[in-house]
> 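Pasting in a structure now, in structure tokens, and then I'll have a few things to ask.
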There are 2 protein chains.
Amino acid sequence: MKPSTCQKNCQNALRVADQLCQGRGVRLTPQRRQVLEILCDHHKPMGAYDILDLLKSELPAAKPPTVYRALEFLLEQGLVHRLESLNAYVSCIHPEHPHASQFLICRDCGEVRELESRSVDRTLDSALKACGFAADSQVIEVTGRCLRCTERDPS
Amino acid sequence: MKPSTCQKNCQNALRVADQLCQGRGVRLTPQRRQVLEILCDHHKPMGAYDILDLLKSELPAAKPPTVYRALEFLLEQGLVHRLESLNAYVSCIHPEHPHASQFLICRDCGEVRELESRSVDRTLDSALKACGFAADSQVIEVTGRCLRCTERDPS
DNA sequence: AATTGTTATGTTATCACATAACATAACAAA
DNA sequence: TTTGTTATGTTATGTGATAACATAACAATT
Ligand SMILES: [Zn+2]
Ligand SMILES: [Zn+2]
Ligand SMILES: [Zn+2]
Ligand SMILES: [Zn+2]
């Protein structure tokens, strides 16, 4: 993806976030929006302190709680996912329809990809139903090598 | 489960671990075995520093690396799972056939249950295959309320 | 038995991630 | 303009994990 296209996607994602928040009557304040923008601008998962470092260039007074509060909001609104196995955060590619977190994490290139498999979702749901478990959040994270890295170096 | 039965299960799990390690030519040293025993004796997930506190009663010189090294070994051997969303560890109930980590975590009673669903496993595998992703570890963690807690207080 | 390479442990310090607690400010409704 | 609510500022601390280096135990070889 060319940089120009990429930046356009980021801008678009922010507009979508604006609309979603307005529609829900919640406030995407400048701080929250800046954190989301940082996550959108990067394609790889970022730690809270990585975000903090970047945020400081726009908001020198930023401190850990600044970032964690923004992340808490963005997670609640489904605009961002947390990657439990990396202690990192990544912007959601389809925030308009909230969904369970399903990620493929490449250990070579660091790329993360949202899987969004309905069949996995359904199968897991029925397994949960079968044992009477009432889920309120699901985490699926698969670590390995992505197609591109496997093709580049099939070892 | 009665205490006597439980303790028997723990002893049995340790014997199984002994045999597995012997068969694989790896060493379940006293330290490693003690950490595994602590995890087997408790049914709930434990943080590394919780384990450390208990370990100190038998091994006063124990320090964080002592525990983390033992956990690293036990994880490699599939004797223990790490719960990513809790930063905690729990002993595996079926170490004799290594498997992907699938957990149901009750937010009320704290109970964790290994799901071991073959259908979930298969569905995820085929989704991974479809996008050419070569997995080397899978994490599935579902948080919610277990059947018992739902029945006790259906709210 | 002595040598040597390997694996495991001891020890100190530090890094990385996250939140508690309390004060102030901005906002929105009455 | 008062009042309640939500958001932010600030300091300190809690919690989880590892780096780096030294020493000891073990196992294979000579
Ligand atoms: Zn998403
Ligand atoms: Zn890759
Ligand atoms: Zn298991
Ligand atoms: Zn429960």
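No hydrogens, no waters, no symmetry mates; every other heavy atom, side chains included, goes into these values. We name chains A, B, ... by the order of the sequence lines, and we start the count at 1 in each one.
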> Starting from C1' on C/dT7, measure out to CD on B/Q77 and report it in whole angstrom.
14 Å

> Could you state the CG-P distance from B/L52 to D/dA17, rounded to the nearest angstrom?
12 Å

> What's the CG-C1' distance between B/L75 and D/dT18, to the nearest Å?
15 Å

> So if I take residues 24-35 of chain A and measure heavy-atom distances to DNA chain D, which residues fall below 4.0 Å?
A/R27, A/T29, A/Q31, A/R32

> Scan for ring pair (Phe, Tyr, Trp, His ring centres under 6.0 Å) pairs involving residues 107-134 of chain A, sequence neighbours excluded, and state none if there are none.
none

> Could you tell me which residues satisfy salt bridge (charged side-chain N to carboxylate O under 4.0 Å, His left out) with A/R107, sequence neighbours excluded, listed by chain and number?
B/D136

> Please identify each residue that fulfils side chain to side chain donor-acceptor pair (under 3.5 Å) with A/R145, with sequence neighbours left out.
A/D108

> Any protein N or O atoms within reach of nucleotides 12-20 of chain C? Criterion: under 3.5 Å, listing atom names and distances.
from	atom 1	to	atom 2	distance (Å)
C/dA18	OP1	A/R82	NH1	2.5
C/dA18	OP1	A/R82	NH2	2.8
C/dA18	OP2	A/Y68	OH	3.1
C/dA18	OP2	A/Y89	OH	3.3
C/dA18	O5'	A/Y68	OH	3.4
C/dA18	N7	A/Y49	OH	2.8
C/dA18	N6	A/Y49	OH	3.3

> Holding to ring-ring contact (aromatic ring centres under 6.0 Å, His included), I want the full list of residues that pass it with B/F103, two or more places apart in sequence or in another chain.
B/H81

> Can you check the B/K56 NZ to C/dT11 P distance for me, whole Å?
12 Å

> Check this for me: A/Q22, atom CD, are more than 12 non-hydrogen atoms of other residues, nucleotides or ligands nearer than 6.0 Å?
no

> D/dA7 P sits how many Å from A/L71 CG, rounded?
15 Å

> Using a side-chain heavy atom cutoff under 4.5 Å and only I, L, V, M, F, W and Y, what cluster partners does A/V139 have?
none

> Could you pull out all residues at least two apart from A/E37 that satisfy salt bridge (charged side-chain N to carboxylate O under 4.0 Å, His left out)?
none

> With sequence neighbours left out, write down each residue that passes side-chain contact (heavy atoms from CB on, under 4.5 Å) with A/A62, or none if nothing qualifies.
A/L52, A/L55, A/K56, A/L59, A/T66

